[in-house]
Amino acid sequence: PFCGCCGGCCKNRNSPEPVSYRQVRKTTMVEPVHKFLTENEGIKNLGKKFSPGYEEPFCGCCGSWDDCLLSCFCSPCVSTSTKIQLDNRESTWFDFLCCAGAYQTRQTNRAQNSIAYDPTMDCLASCLCGPCIVSQEARELAKKKGGKPEFLKLPK
């Protein structure tokens with residue numbers, strides 16, 4: 001098999017180039033969802049209401065598998081990793097034992113990056129879609145720093 005899994009999912013079975021499992025899964029599952037969430041006008045407008053001042057889309061958490069899975073199934077860890085980066089310090093295991101809240105991390109991000117304060121929408125956004133808000137925070141911080149988001153910054 002080209003991709004290293006069962007071999008049944010490869011699009012280019014006759015291609016001499018191997019297709020990684022990650023490439024296949026991203027193109028077959030994540031991209032359509034990401035495209036729908038980021039290009040649908042109704043969702044874009046709703047996202048703008050929930051995240052005024054942000055450049056990254058509110059519903060952009062399906063941009064990659066690591067973003068999607070970590071944000072959905074381990075939101076406190078992603079929020080904690082973002083908070084650690086905002087604090088500009090190294091992480092410890094205690095950070096992950098007492099995880100940072102999404103709302104508090106969002107307030108720190110707003111204050112440090114001169115994003116307008118909007119506690120009502122931040123509270124609503126964190127209650128309605130916690131994974132969306134923690135993903136957006138990580139992506140927004142990475143964009144400000146000019147790098148890739150670190151969704152999980154574990155201690156060394």
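Any value given below was found using the heavy atoms of this structure, including those in side chains, with hydrogens, waters and symmetry copies removed.
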Asks: If you measure only the distance, is there a donor-acceptor pair under 3.5 Å linking the side chains of Gln107 and Asp122?
Replies: yes
Asks: Taking salt bridge (Lys or Arg N to Asp or Glu O under 4.0 Å) as the test, write out the residues that go with Glu56, two or more places apart.
Replies: Arg139, Lys143
Asks: Considering residues at least two apart in sequence or located in another chain, which fulfil the side chain to side chain donor-acceptor pair (under 3.5 Å) criterion with Thr82?
Replies: none
Asks: Nearest 0.5 Å, what's the CD1-CG distance between Ile115 and Asn109?
Replies: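 One gets 5.0 Å once the value is rounded to the nearest 0.5 Å.
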Asks: Quick one: salt bridge (Lys or Arg N to Asp or Glu O under 4.0 Å) partners of Lys48, sequence neighbours excluded?
Replies: none
Asks: Measuring from Thr92:OG1 to Leu97:CG, what's the distance to the nearest 0.5 Å?
Replies: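 Between atom OG1 of Thr92 and atom CG of Leu97 there are 8.0 Å.
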Asks: Under a 4.5 Å side-chain heavy-atom rule over Ile, Leu, Val, Met, Phe, Trp and Tyr, are Met121 and Tyr103 clustered together?
Replies: no
Asks: Please determine, by modelled atom types, if Ser51 and Gln136 share a side-chain donor-acceptor pair under 3.5 angstrom.
Replies: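 Result is yes, a qualifying pair exists.
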Asks: Measuring from atom OG of Ser135 to atom CZ of Phe58, what distance do you get when rounded to the nearest 0.5 angstrom?
Replies: 9.5 Å
Asks: Would you tell me whether Asp67 and Ser71 have side-chain atoms, one donor and one acceptor, within less than 3.5 Å of each other?
Replies: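 Side-chain D/A pair, Asp67 to Ser71: present.
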Asks: Decide whether Leu86 and Phe94 are clustered together by the hydrophobic rule: side chain heavy atoms of Ile, Leu, Val, Met, Phe, Trp, Tyr closer than 4.5 Å, transitively.
Replies: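 Leu86 and Phe94: separate clusters.
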Asks: In terms of hydrophobic clustering (I, L, V, M, F, W, Y; side-chain heavy atoms under 4.5 Å; direct or indirect links), are Leu128 and Val78 co-clustered?
Replies: yes
Asks: Atom CZ in Phe96, atom CD1 in Ile84: separation rounded to 0.5 Å?
Replies: 4.5 Å
Asks: Do you reckon Leu154 sits in the same ILVMFWY cluster as Phe151, going by side-chain contacts under 4.5 Å, direct or chained?
Replies: yes
Asks: One thing to verify: whether Lys148 and Asp66 come together as a salt bridge, which I'm taking to mean a side-chain N less than 4.0 angstrom from a carboxylate O.
Replies: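 Not counted as a salt bridge, because no side-chain N and carboxylate O are separated by less than 4.0 Å.
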Asks: Find the distance between NZ (Lys153) and CZ (Arg89) and round it off to the nearest 0.5 Å.
Replies: 9.5 Å
Asks: Hey, could you give me the OG/CG distance between Ser79 and Asp95, rounded to the nearest 0.5 Å?
Replies: 11.5 Å
Asks: If every non-hydrogen atom of Ala100 is compared with every non-hydrogen atom of Thr105, which pair is closest and at what distance?
Replies: CB-OG1, 3.7 Å
Asks: Centre of Tyr54's six-membered ring, under 6.0 Å away, within 45 degrees of the axis: is that where NZ or CZ of Arg106 sits?
Replies: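 Because its charged atom sits under 6.0 Å from the ring centre and within 45° of the axis, Arg106 does stack over Tyr54.
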